Amino acid sequence: TGLSRPQRILKAVQKNAKKGDPQSVIAAIDHYCRHKEWAMNVGDDKGLILDSVVMEVNPSSALELGTYCGYSTVRIARLLPAGSTLITVEFNPHCAVIARQIIAYAGLQDKVKLMEGPSGDLIPKIKEQFGITSFDFVFLDHWKDRYVPDTKLLEECGLLRKGSVLLADNVICPGAPEYLEYVRNNPRYETRYFPSNLEYTKVEDGLEKSVFLG
Ligand SMILES: CCCNc1ncnc2c1ncn2[C@@H]1O[C@H](/C=C/CNC(=O)c2cc(-c3ccc(F)cc3)cc(O)c2O)[C@@H](O)[C@H]1O
Ligand SMILES: [Mg+2]
């Protein structure tokens with residue numbers, strides 16, 4: 001009946017943001033999702049932690065698992081140096097259609113490659129398709145029970161190098177217990193928890209930053 005939530009988010013961007021201005025796109029989504037209807041964007045509180053990690057890594061090659069509407073795609077891509085690429089993976093075609101429009105509205109389409117399909121199928125194709133040797137930065141924000149299998153897949157495909165940084169959303173809420181277990185008890189990762197709160201709420205959540213040691 002009527003518009004989907006992603007469509008309503010896109011409308012809020014088109015109505016309240018300035019074309020080509022990523023900051024205004026981020027602000028429009030945050031305002032809509034805080035005051036009109038909640039949505040599972042990483043949000044403004046955790047977004048500040050995401051920004052600081054992206055700025056610290058200053059990645060030439062970045063990967064995002066779980067585009068949804070493209071909110072964190074815009075947050076990451078707006079900080080990338082010229083010539084860098086963010087690959088974002090989304091298997092819901094309706095979300096992909098909306099995300100492409102929000103990324104383009106922000107003027108970031110030249111930095112972002114949206115791959116449509118399940119991460120498990122697409123990750124093994126990234127090297128040959130994009131000529132990427134490894135990722136400097138990976139943002140995990142898709143189904144929480146897929147964080148571990150996809151991290152293992154990235155390792156197996158040789159897409160992580162000494163110093164690659166993984167940043168995982170929602171390790172407290174909804175929670176990714178197997179992932180925390182994996183990175184915290186694995187000598188190949190140096191891991192640290194950044195406490196924050198679930199997007200647009202006072203509920204505890206946070207991001208886990210894990211450096212691959214090779
Ligand atoms: C084959 C499945 C794994 N591979 C995948 N490959 C590509 N895209 C995938 C994907 N899994 C999921 N996706 C996509 O990522 C998105 C899913 C994200 C899942 N995120 C959450 O469930 C989530 C949920 C909450 C949440 C928190 C509290 C609450 F009460 C209700 C929800 C908060 C968050 O920040 C979240 O990220 C969708 O767009 C989906 O189509
Ligand atoms: Mg999330």
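Small disclaimer: the values here were computed from a predicted structure and weren't measured. Both counts, for ligands and for their atoms, begin at 1 and track the order of listing.
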In terms of side-chain heavy atoms, does Asp30 have a donor or acceptor partner in Tyr200 at a distance below 3.5 Å?
yes
In this structure, which one of Leu160, Val165, Leu167 forms a side chain to side chain contact (heavy atoms under 4.5 Å, CB included) with Val138?
Leu160
Give the protein residues with at least one non-hydrogen atom closer than 4.0 Å to an atom of ligand 1, ordered by chain and number.
Trp38, Met40, Gly66, Tyr68, Val89, Glu90, Phe91, Asn92, Cys95, Gly117, Pro118, Ser119, Asp141, His142, Trp143, Lys144, Arg146, Asp169, Asn170, Cys173, Pro174, Leu198, Glu199
Under 3.5 Å: donor-acceptor pair, side chain of Ser164, backbone of Phe212
no
From Ser72, does some N, O or S atom reach closer than 2.8 Å to the Mg ion (ligand 2)?
no
Connected via hydrophobic side-chain network under 4.5 Å: Leu154 and Tyr189
yes
Please give the atom name: the N, O or S atom of Asp141 nearest to the Mg ion (ligand 2).
OD1
Please give the atom name: the N, O or S atom of Asp169 nearest to the Mg ion (ligand 2).
OD2
Under 3.5 Å, is there a donor-acceptor pair linking the side chains of Glu90 and Tyr68?
no
Over 60° means perpendicular and under 30° means parallel, so classify the ring planes of Phe139 and Phe137, tilted if in between.
parallel
Heavy atoms of other groups near Lys11 NZ, more than 12 under 6.0 Å
no
